[in-house]
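Read the structure below first, then the notes.
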Amino acid sequence: SKPIAGVKGTFSERTFIAIKPDGVQRGLVGKVISRFEERGYKLVGLKALAPSKELAEKHYDDLKARPFFAGLVNYMTSGTPVIAMVWEGKDVIKQGRAMIGATNPLESAPGTIRGQYCISVGRNIIHGSDSFESAEKEIGLWFGKAGELVEWTPANVDWIQSDN
Ligand code: IDP
Ligand code: MG
């Protein structure tokens with residue numbers, strides 16, 4: 001069966017995108033979803049959850065030695081939900097990162113999600129997987145249970161996908 005993050009470089013490639021608690025509190029969920037929808041990406045998984053400390057720590061495991069790690073985990077586990085999503089489509093991992101913008105919103109290009117909606121690295125409203133390997137890990141972590149992702153074909157698929 002295909003990898004949980006789809007097949008890299010094809011229309012089945014998948015990425016993990018999460019709207020962080022500040023994005024939810026600030027009412028930006030719809031705007032973020034619209035950007036991915038309007039680009040032509042397909043939503044295959046979506047849920048609201050207040051992540052446990054264990055989940056937040058596993059998600060950011062690569063940053064555990066950084067001085068901001070404890071604050072980052074507290075921010076993610078505030079009790080406000082995170083909106084966890086899986087988006088699918090060609091080059092969605094790299095394009096998703098480009099749409100999100102630089103980690104520090106003050107360095108994010110205007111017009112990117114962070115460049116439009118935030119000004120603090122510690123309140124940068126959104127997460128996106130940074131590589132195929134990260135997407136596999138993160139989708140597995142947040143959508144590990146069978147049946148949480150949906151295989152479907154948008155009615156407008158031929159108006160979005162073409163190999164020529
Ligand atoms: P990314 O979210 O753009 O992939 P990472 O370097 O993976 O950036 O960092 C993960 C998250 O940790 C950032 O999105 C941000 O919320 C937080 N973070 C990163 N650097 C800092 C910092 O210097 N101070 C506070 N929080 C930070
Ligand atoms: Mg990262």
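Ligands are counted one by one from 1 in listed order, and the atoms in each one are counted from 1 as well. Along the sequence shown, the residues carry numbers beginning at 1.
- A salt bridge links Lys90 with Asp163: at least one charged nitrogen is closer than 4.0 Å to a carboxylate oxygen.
- Remark: distances from the non-hydrogen atoms of Arg114 to ligand 1 include one below 4.0 Å.
- Note: no N/O pair closer than 3.5 Å links His127 and ligand 1 by distance alone.
- Side-chain contact annotation: Tyr75 with Asp22, donor-acceptor N/O pair under 3.5 Å present.
- If you take OG on Ser52 and CE on Met76, they are separated by 11.0 Å, rounding to the nearest 0.5 Å.
- Among all heavy-atom pairs drawn from Ile126 and Lys20, the shortest one is O-CE, 3.5 Å.
- By the 4.0 Å N-to-carboxylate-O rule, Arg14 lies close enough to Glu151 to be salt-bridged with it.
- Contacts with ligand 1 closer than 4.0 Å are made by side-chain heavy atoms of Asn124 only, the backbone lying farther away.
- Within ligand 1, counting atoms from 1 as listed, the ones closer than 4.0 Å to a heavy atom of Leu63 are 7 (O), 9 (O), 10 (C).
- The aromatic rings of His59 and His127 lie perpendicular to each other, with more than 60° between the two planes, well past the 30° mark.
- Assignment of Asp130 to the shell around ligand 1 is not supported, since no heavy atom sits closer than 4.0 Å.
- With Val86 as the partner, the side chain to side chain contact (heavy atoms under 4.5 Å, CB included) test is satisfied by one option alone out of Leu149, Ile17, Thr15: Leu149.
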Next on the checklist: As a quick check of understanding, evaluate side-chain contact (heavy atoms from CB on, under 4.5 Å) for Met85 and Val44, giving each step before the final call.
Outcome noted: CA-CA 8 Å; Met85 299 180 275; Val44 298; over 6 Å; no

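- Near Leu72, meaning under 4.0 Å from any of its heavy atoms, are these atoms of ligand 1: 12 (O), 16 (O), 17 (C).
- With 3.5 Å as the limit, one finds a donor-acceptor pair spanning the side chains of Gln116 and Arg35.
- What sits closest to atom 20 (N) of ligand 1 on the protein, heavy atoms only, is Phe68 CZ, 3.3 Å.
- Of the N or O atoms in Tyr60, none lie within a sub-3.5 Å distance of an N or O in ligand 1.
- Distance from atom 4 (O) of ligand 1 to its nearest protein heavy atom, with residue and atom name: Arg97 NH1, 2.7 Å.
- Heavy atoms of Arg66 come nearer than 4.0 angstrom to ligand 1 in no pair at all.
- Shortest contact from atom 24 (N) of ligand 1 to any protein heavy atom: Val121 CG1, 3.5 Å.
- Within ligand 1, the atoms closer than 4.0 Å to a non-hydrogen atom of Lys20 are 13 (C), 14 (O), 15 (C), 16 (O), numbered from 1 in the order shown.
- Among all non-hydrogen protein atoms, the one lying nearest atom 3 (O) of ligand 1 is Thr103 OG1, 2.5 Å.
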